[in-house]
Amino acid sequence: MTTSRSPARRRATRAAAVAAATLALVGTLLAPAAAIGAAPSPTPTPTPTPPITSGTTAFTLSPISDGIVRPGEPLTVSLTLQNETDAPTPPITATIALGRTELPDRAALTAWLSGDTGRVTAEPVATAAIESVAPGGQAVTPARIDPSSPALAGLEPGVYPLVATYESATGPVTSTSAMIVPPSDDDAVGIGVVVPITAQPLTEGLLTAEQLTELTSPGGSLTSQLDGVDGTSAILAIDPAIPASIRVLGGTAPESAVAWLTRLETLANSRFALQFGDADVAVQIEAGLERPLAPPSLLAYMDPAEFIPETAATPTPTPEPGVDPAAPVFPERAELLDIGPATRGAVFWPAAGTADAPVVEALGAVTSGDQRSLTLVASTETAAGATGGTVPAHARAGEAELLVYDAAVSAALHRASGLEETSLRGAALTEATAYLAFATAETGGAPLLVTLGRDPARSRVALGTTIESVTSAPNVSASTLGALANTGAVDLEVAGGTSEQTRVDAATALIAEETEVSRFATILDEPRMLTGPQRAEILQLLGVGWIPTPEPWTDAVVGHRAATQVTLDSVSLLPTSTIDLYGSNAGLRFWVRNDLEYPVNLVLYVTPDDLRLDVQRANPVVAQAESNTRVEVPVQARVGNGEVTLDLQLRSRASVAIGDPASVDVTVRAEWETFGITALGVVIGGLLLLGIVRTVLKLRARRRGRAASRDAGAASGTTGDDGKETLT
C-alpha cells in the first residue's frame, strides 16, 4: 500500500530543506580592474583598461596598426581621455614623445609599460589638442607623425618607447606605449593561438533549452564566439558540456542551437576539449584525485520519447527476438560530448597560476589512447619564464609534456579581446605586439603559444580583431595544435603556481559527497540517474569561470551541498510509535518515505534485542516514487511477555545503509492468546451445556403435560379420535 505525495508538495519540501541548509551569503559581483589611470596626478600611470573607477579620469595612448611602423610609413596614434568625475575636464594639449633608442629586452618593456619612465629618454614628436570632456564621457583625438619626420628616420628594427603627456592641475599625466619597427628578412616563427569556447558559469549540470536559445541567437555569447573564430587559424578549446547540452534535448533542441552545433562541427580549426564545464583540473589534483574527474553519464537529462527510433513507427514483419523496436536508443556518452573533427585528446588547461610541479606531474601521467597528455601552463609558471623570459611552446618537465603559453602576450591579448572601443583596444594590441617582437627574436626558431584567456562575454569584433592581430604580427605564421605538439620539446622546470585553499577545500568536500551519493544511488535500478547529474554539477561548480567571482561561487557551492544533503535524506523510515503485540503470530507495519522521482529498491533489516520475539530479519521492499510505502514484517512471539526493542535499518540491495537507523519498542503479550482461547472455550462450553439442560427440561415438561392430559380424560369417560371411550 502506498500513499502518494503531490509533485508540488515534494518540490516545496525540497526547496524548504535547501533554503534551511543554505548559508545566507550576500556578495557583490565586482569585475577586476587592470591598471588604469587615476585622477590627474604627478606620477606616471600605465595604459588604463576600462571600465575606470568612478570619480577618476583615464588617459590612454593607442598606436594605430598595433604600433607597427615599417620604413616609409607614418606613426599614427589616438589619444583617449575618459571622464568618470562629476565635473567636465578642462581643455588640454597632449604631447607625444618617442625614444630613438630601442628598449633592450622584455624586462625593460615591462618597466616602461608600467609607468617607469625615469631611465628612458624620449623626444617630443607631435602635439594634440583635447577638448573638454563632460562627466561620464570620453574624447578620442588622433595624432600623426609623418614618415619624413627626423624622429622616424633611420630607426633599426626593434621596440621603441612611446609616451603621451599632458599637464593637469596636480602635475603631469602620462600614458606609455611602444612603437615596433619589424625586421624585414627574418624567418617566420610558428605561433598557436588558443581561444576557449565556453558558456557562463553554471550551477546546473547542463545548459537549459532557454539558455541555449539566448546564447545561440544572433548576438548571443556562443554565436559571437564562433563568429570571432570563424575564418581564423585559432586553436579552439571547447567546453564539451555545450554540445552535450544540445544533443541531450533531441528533437526539442532549439533550432538556433542545432545550427550553432552544426557550424562548430564544420569549422576547420584544430581543437581540444576542456574539462566538462571547464572544470579546473589543478584544484581536482590538489583535492587528492590521481587524475581529473571524467565527464558524467548524461542519461538523466534525456527524455526517452525523444530517442525512439524512427523505424518504430513502421514495425518490421519479423522483429528481432528480444528487441523492442519502440525502446529508446540513447546516444553514447562519447557521442554526446564530441566537439568535432581535428580533436586532440588529453589536453589540460589549468587556471592561470595554479599549475605547480605536483599538478603537472599528475596530469602528465594521463594518457588518451596512445597519446601522452599535454598540459597548458603559463611561461611565468616555469623557472625559465618566471622573470619574464621567453619560453618555446613545446616543453617537457620530467615525464610531463607541456604547452607553454607566453604570459605577457596572452595577458595583453586577453584584455584586448574584451574591449569594444577600437581606440582603447589598440593599446593592448600594441603591448601584445611589442612583447611578441621580443619573443620571436628570442625563441631560436621554435614555435610560440599564446591564449586569449577565458571570457564568454566578449564580442565577435573584439575577438576576431585580436586573433587577426596576433596571427598577422611581423615574423609569425599560424600553427595548429598538432604542429606545436610535434616540434622538439625543451626541458624545463615548473616553478610556482597553487590553487586557493578555499577552492581546494570545497573540491574535497564536493568529491567526498559525490562518493556518498554514489553509494546512495545503489537503491535505483539505474544509479546513473543520480550520479550523472551529481558529477555534472560538481564539474560545473569547479569551472574556471567562477574564479573571478568568489562570493557568488561560495553561494553556489553552499546551495549545491545543501541540495545534496536533501537528496541523501530523501529516503528514510517514518517514525513508529510503541507497538502492542497480542498473539504469537502477527505482522508489524512500517512505512518508508521516498521523496525521489524514481522507485527505489530497499531491504528493511529488523533485529530484536530479545529472543522472545522471532522476526523476519530481511524484508525487501520497492518504495514507489514520491510516496510513502508500507512494509509488513512477519513476527512470531514465543511464550512469555515483556518489552522487546527492534532495531531497524534500511539498506540498498548492495547493503549500503540508507537513512539513519531507528528503533521501536514492542510490548509482547504472548499468553493473552492462550488465555483468551481457554476463556472463550469455557464460555462456549458453558453456553452449550446450558442449552442442553434447557432443552432436556423443556422436553420433560412437555411429557409431563401430555401425561396429565391423558389422566384427566380417562376420569371423564370420553374417548379420543382413536375410538376409545372418552368420559365427559
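No hydrogens, no waters, no symmetry mates; every other heavy atom, side chains included, goes into these values.
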Do [X] and [Y] have side chains that get closer than 4.5 Å, going by heavy atoms?
{"X": "Leu155", "Y": "Met179", "answer": "yes"}
{"X": "Leu274", "Y": "Ile238", "answer": "no"}
{"X": "Pro161", "Y": "Leu103", "answer": "yes"}
{"X": "Val476", "Y": "Leu448", "answer": "no"}
{"X": "Leu376", "Y": "Val347", "answer": "yes"}
{"X": "Asp278", "Y": "Arg454", "answer": "yes"}
{"X": "Pro196", "Y": "Asp239", "answer": "no"}
{"X": "Leu492", "Y": "Arg396", "answer": "no"}

To the nearest 0.5 angstrom, please state how far the [atom1] atom of [X] sits from the [atom2] atom of [Y].
{"X": "Leu222", "Y": "Ile242", "atom1": "CG", "atom2": "CD1", "answer": "5.0 Å"}
{"X": "Ile96", "Y": "Leu75", "atom1": "CD1", "atom2": "CG", "answer": "8.5 Å"}
{"X": "Leu162", "Y": "Ser177", "atom1": "CG", "atom2": "OG", "answer": "5.5 Å"}
{"X": "Leu403", "Y": "Thr451", "atom1": "CG", "atom2": "OG1", "answer": "11.5 Å"}
{"X": "Asn486", "Y": "His394", "atom1": "CG", "atom2": "NE2", "answer": "8.0 Å"}
{"X": "Thr213", "Y": "Glu255", "atom1": "OG1", "atom2": "CD", "answer": "10.0 Å"}

Assess the residue pair Asp227 and Arg263 against the criterion (side-chain contact (heavy atoms from CB on, under 4.5 Å)); give the C-alpha distance rounded to whole Å, side-chain angles, the decisive distance to 0.1 Å, and a yes or no.
CA-CA 10 Å; Asp227 288 344; Arg263 184 182 177 194; 2.7 Å; yes
Can any side-chain N or O of [X] pair as donor or acceptor with the backbone N or O of [Y] at less than 3.5 Å?
{"X": "Ser410", "Y": "Ala407", "value": "no"}
{"X": "Thr343", "Y": "Arg271", "value": "no"}
{"X": "Ser62", "Y": "Ser423", "value": "yes"}
{"X": "Thr375", "Y": "Phe348", "value": "no"}
{"X": "Glu381", "Y": "Thr354", "value": "yes"}
{"X": "Glu493", "Y": "Ala397", "value": "no"}
{"X": "Ser373", "Y": "Thr367", "value": "no"}
{"X": "Ser224", "Y": "Gly220", "value": "yes"}
{"X": "Glu306", "Y": "Gly251", "value": "yes"}
{"X": "Thr443", "Y": "Ala439", "value": "no"}

What are the two closest non-hydrogen atoms of [X] and [Y], and how far apart are they?
{"X": "Ala416", "Y": "Thr466", "answer": "C-OG1, 3.7 Å"}
{"X": "Pro240", "Y": "Leu337", "answer": "CB-O, 3.6 Å"}
{"X": "Ala282", "Y": "Ser499", "answer": "CB-OG, 3.9 Å"}
{"X": "Val494", "Y": "Ala355", "answer": "CG1-O, 3.5 Å"}
{"X": "Glu401", "Y": "Ala489", "answer": "OE1-CB, 4.4 Å"}
{"X": "Phe276", "Y": "Leu539", "answer": "O-CB, 3.4 Å"}

Is it the case that atom [atom1] in [X] sees more than 12 heavy atoms from other parts of the structure closer than 6.0 Å?
{"X": "Glu442", "atom1": "CD", "answer": "yes"}
{"X": "Asp187", "atom1": "CG", "answer": "no"}
{"X": "Arg291", "atom1": "CZ", "answer": "no"}

When you look at Gln225 and Ser221, which way does the side chain to side chain donor-acceptor pair (under 3.5 Å) test go after all the steps?
CA-CA 6 Å; Gln225 292 178 64; Ser221 171; 3.2 Å; yes
Hey, mind stepping through Trp349 and Val281 against side-chain contact (heavy atoms from CB on, under 4.5 Å) and telling me if it holds?
CA-CA 7 Å; Trp349 187 2; Val281 291; over 6 Å; no
Cationic tip of Arg503 within the cone over Trp553's six-membered ring, i.e. under 6.0 Å and within 45° of the normal?
yes
Determine, step by step, whether Tyr435 and Thr390 satisfy the side chain to side chain donor-acceptor pair (under 3.5 Å) criterion, reporting the C-alpha distance in whole Å, the side-chain angles of both residues, the deciding distance to 0.1 Å, and the verdict.
CA-CA 9 Å; Tyr435 276 114; Thr390 298; over 6 Å; no
Any chance the side chains of Ser270 and Thr480 put a donor and an acceptor closer than 3.5 Å?
no
Only pairs at least two apart or in different chains count here, so list each side chain to side chain donor-acceptor pair (under 3.5 Å) that has a residue in residues 455-465.
Ser417-Arg458, Glu420-Ser459
Tell me every residue that passes side-chain hydrogen bond (donor to acceptor under 3.5 Å, both in side chains) with Gln540, counting only those two or more places apart in sequence or in another chain.
none
What's the verdict on side-chain contact (heavy atoms from CB on, under 4.5 Å) for Leu429 and Arg425, showing C-alpha distance, side-chain angles and the deciding distance?
CA-CA 6 Å; Leu429 291 178; Arg425 190 189 313 127; 4.0 Å; yes
Quick one: do Glu265 and Arg247 satisfy salt bridge (Lys or Arg N to Asp or Glu O under 4.0 Å)? Show the steps, please.
CA-CA 13 Å; Glu265 293 171 336; Arg247 294 188 178 110; 2.7 Å; yes
Suppose we screen for side chain to side chain contact (heavy atoms under 4.5 Å, CB included). Which residues come up paired with Thr76, at least two apart in sequence or across chains?
Ile64, Pro74, Arg144
Please assess Asp406 against Leu449 for the test side-chain contact (heavy atoms from CB on, under 4.5 Å), listing each intermediate value before the final yes or no.
CA-CA 6 Å; Asp406 191 292; Leu449 179 68; over 6 Å; no
One pair to check against side chain to side chain donor-acceptor pair (under 3.5 Å): Thr430 and Asp66. What are the steps and the verdict?
CA-CA 4 Å; Thr430 298; Asp66 306 337; 5.2 Å; no
